[in-house]
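Written out below as C-alpha cells is the structure these notes cover.
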Number of protein chains: 2
Amino acid sequence: MRWNKISDAVVRRLPIYLRVLDDLAKSGESPLISSQELGERAGVGSALVRKDLAWFGEFGKQGVGYEVEYLRSELRQILNLDREHNVILVGVGSLGAALARYAMRRYQVDESFRLKLAGLFDQDPDKVGRTYAGIPVYPMAELNDFIRKHNVRMAIITVPADAAQETAVQLVNSGVSAILNFAPVKLILPEHVQVANADLTLELQRLAYYLPPEKTRE
Amino acid sequence: MRWNKISDAVVRRLPIYLRVLDDLAKSGESPLISSQELGERAGVGSALVRKDLAWFGEFGKQGVGYEVEYLRSELRQILNLDREHNVILVGVGSLGAALARYAMRRYQVDESFRLKLAGLFDQDPDKVGRTYAGIPVYPMAELNDFIRKHNVRMAIITVPADAAQETAVQLVNSGVSAILNFAPVKLILPEHVQVANADLTLELQRLAYYLPPEKTRE
DNA sequence: TAGATTGTTAATCGATTAACAATC
DNA sequence: TAGATTGTTAATCGATTAACAATC
C-alpha cells in the first residue's frame, strides 16, 4: 500500500494523534475513543480527525468510535514506527551532546520509541573516540561507510551554520533521506529529501513579534 | 501603530526575510534587493514577499526594489528586535544547559541578537547556585519575583513533560506572554499567550513517515 | 430498535499566485 | 523616455469545517 500525495498538513497531525493514543493506552481510561474526544485532546476539530484518518483506511466503527489499541498500531505502521531505524547525529557541540543524551534515554526508557541513535560524528579530532550516553563519536571520514553499513536513512544536523549545507549534501550523497536540521540555514537539497527545521532563532524572533510594548518601570 | 490581525503565516516569514537581509548586509553584495531575489533566497514567491511586506507599510520603490538597510531596520522594529528582552529558561537538564550556552554565545557574538538570557531556574537544589555560561541558576521559589523585577516576557521551557504544564502556568501568572516549549506536551494557556513548540519527537516521527521501505540487505 | 458516531460530500474559509496599473 | 519593479486586486488553490446519509 502506498499513499502518495497525502498533504504534509495531514502527516504533521498523525504523530499528535499517536501521542494522545499512547497516553490513553498508558492510563487505560477507555479502550475506545471518538473523533470528538481525540480531536479535543489533539487540539483539532473532530471532522478533521475523521478526514485525516480516512486517508489511510476505515479504522472506526459508526456509532462506536475508534479502538485505541488498533488505531495506535495502525498509526505506528503508517508512520513507519513499527520498525527500528538507525539515526546519526553530526556535530557534537553542547547542543548535539544534549540531544544525543535525550534521544538515547528516550530509546532506553520507551520501548515504542524505535529511533536508535547509532553514531555521532564530528570534525574535531579531540572529540573523536569519546562517547556520549554510550554512543561513540566517529570522524567525518567514516560518515559514508557508516551510513551504508548501518542503513542509516535519518540524521540530525547540529553543526555550525556555515558547515550545515555541506554536511547535508554529504549525508544525502551517502543515502540519508530525512534530516532534522538545527542549523539556522535553509538547506537546499533534492526533492526526495525530507527536512524538518528546528530553527530556534526563527522561533524566538517570531515570538518577539507578539511581545507587548515595553512597560515603563513604575 | 498596531497591526492587529496579521496572520501567523505572515509573521513566520518575517524572520526569514530578516535573515536574508542580514546575510546580504554582511556580505555587502548590493544595497538593493528585489522581491524576486528576496523571495528566491527565502524560499518564497515574489508576490508573497511583496504582499507580506505591504501589510506593514510601503517599503519599496517601483522599478527599483527595496533598500536592504532600510527594510532590515523596519523588520527589526516590526519584530520588536530593536530593543533588548530579558528571557529566562526553566529546567536546567542537559538540553536546558546546552540551550543556555547557545543563547548566551549568540548574544555575545551577534550584536543584533537582542534576546538576553537573564536567568535559569531549576527545582533541583543541587543545581541552584551553579552557573551555566555565566548565568546563575535560581530556585523555583524566586521565579515570580525575578520575572516581575526584570520585566521578563519571554521564557524557554525545558522541564520534563510532566512538569511542563504547571511550569507554564506559573510563568504566565507571573507575566510571561511568550513561551518556547521543548517539552513534548500541548500547553493549555490563555489566548493572549504565544507558544512556539519545539517538539523534537513530533518532528522525528513525522520524518519517519517519509522513510523509504526497508531495503533488504543484499 | 433508537442513539451514536463514522466516512464522505459540499460549503466555507484562508492563503498563495497571477496579473497589471501605477510609478520610480 | 523606456524598462523595471512595486503595491494591490482578482483568480486559484488547498485546507478546514459543516452537514448528513450510512451503519454499527
Side-chain angles (χ1 to χ4, degrees), chain A residues 1 3-17 20-21 24 29-75 78 186 206 209, chain B residues 1 3-17 20-21 24 29-75 78 186 206 209:
Chain A
M1 220 186 315
W3 319 282
N4 255 346
K5 308 298 163 51
I6 304 287
S7 114
D8 190 59
V10 174
V11 175
R12 277 175 187 282
R13 285 188 293 267
L14 300 180
I16 303 178
Y17 301 149
V20 171
L21 295 170
L24 219 56
E29 290 173 62
S30 158
L32 289 170
I33 191 167
S34 64
S35 59
Q36 163 92 70
E37 175 77 10
L38 178 47
E40 244 157 60
R41 299 204 191 207
V44 156
S46 68
L48 191 51
V49 171
R50 295 196 298 279
K51 202 161 199 296
D52 284 345
L53 297 177
W55 286 102
F56 301 96
E58 308 200 353
F59 302 126
K61 281 209 210 336
Q62 278 102 328
V64 178
Y66 301 87
E67 261 194 72
V68 172
E69 276 307 336
Y70 173 62
L71 183 55
R72 192 155 90 109
S73 102
E74 288 292 323
L75 279 178
I78 291 163
K186 187 181 146 54
R206 174 173 80 82
Y209 173 83
Chain B
M1 217 185 324
W3 320 281
N4 255 345
K5 307 300 163 49
I6 304 287
S7 116
D8 190 60
V10 174
V11 175
R12 278 174 187 282
R13 284 187 293 265
L14 301 181
I16 303 178
Y17 301 148
V20 172
L21 295 171
L24 220 53
E29 291 173 62
S30 158
L32 289 169
I33 190 166
S34 65
S35 60
Q36 163 92 68
E37 175 75 11
L38 179 46
E40 242 157 61
R41 299 204 191 207
V44 156
S46 67
L48 191 49
V49 171
R50 295 196 298 278
K51 203 161 198 294
D52 284 346
L53 297 176
W55 285 103
F56 302 97
E58 308 199 354
F59 302 128
K61 282 212 208 336
Q62 278 101 328
V64 178
Y66 301 87
E67 259 193 73
V68 172
E69 276 307 337
Y70 173 61
L71 184 54
R72 193 156 89 111
S73 104
E74 288 293 323
L75 278 178
I78 291 163
K186 188 181 143 53
R206 174 173 81 81
Y209 173 83

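Below, chains carry the letters A, B, ... as their sequence lines are ordered, and counting in each starts from 1.
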* Members of residues 42-49 of chain B that approach DNA chain C, where some heavy atom sits under 4.0 Å away -> B:A47, B:L48

* Asked: Is there side-chain contact between A:F56 and A:I6, with at least one heavy-atom pair below 4.5 Å?
  -> yes

* Structure fact -> Under a 4.0 Å heavy-atom cutoff, the residues of residues 58-68 of chain A touching DNA chain D are A:K61, A:Q62, A:G63

* To do: If a pair satisfies salt bridge (charged side-chain N to carboxylate O under 4.0 Å, His left out) and one of its residues is in residues 7-16 of chain A, list it, with sequence neighbours excluded.
  => A:D8-A:R12, A:D8-B:R206, A:R12-B:E203, A:R13-A:D52

* Heavy-atom distance under 4.5 Å between the side chains of A:Y17 and A:L14, does that happen here? -> yes

* Could I get the full list of side chain to side chain donor-acceptor pair (under 3.5 Å) partners for B:R72, not counting sequence neighbours? => B:D22, B:E69

* **Contacts of A:Q62 that satisfy side chain to side chain donor-acceptor pair (under 3.5 Å) - sequence neighbours left out** => none

* B:S35: what forms a side chain to side chain donor-acceptor pair (under 3.5 Å) with it, not counting sequence neighbours? -> B:R50

* **Non-neighbouring partners of B:Y66 that pass side chain to side chain donor-acceptor pair (under 3.5 Å), sequence neighbours left out** => none

* **Where chain A begins and ends its contact with DNA chain D, read 5' to 3' at 4.0 Å from heavy atoms** => D:dA15 to D:dC24

* Can you pull the salt bridge (charged side-chain N to carboxylate O under 4.0 Å, His left out) pairs that have at least one residue in residues 34-49 of chain B, sequence neighbours excluded? -> B:E29-B:R41, B:E37-B:R41

* Structure fact -> Its dot-bracket string being built from Watson-Crick and G-U pairs below 3.5 Å, with | for another strand and [ ] for crossing, DNA chain C has the pattern ..||||||||||||||||||||||

* **Sub-4.5 Å side-chain heavy-atom contact between B:I16 and B:V44** => no

* To do: With sequence neighbours left out, write down each residue that passes side chain to side chain contact (heavy atoms under 4.5 Å, CB included) with A:S7, or none if nothing qualifies.
  => A:A9, A:V10

* **Value rounded to 0.5 Å, distance of CD1 in B:I33 from CG in B:L71** => 8.5 Å

* Sequence neighbours excluded, every pair satisfying salt bridge (charged side-chain N to carboxylate O under 4.0 Å, His left out) that has a member inside residues 55-67 of chain A -> none

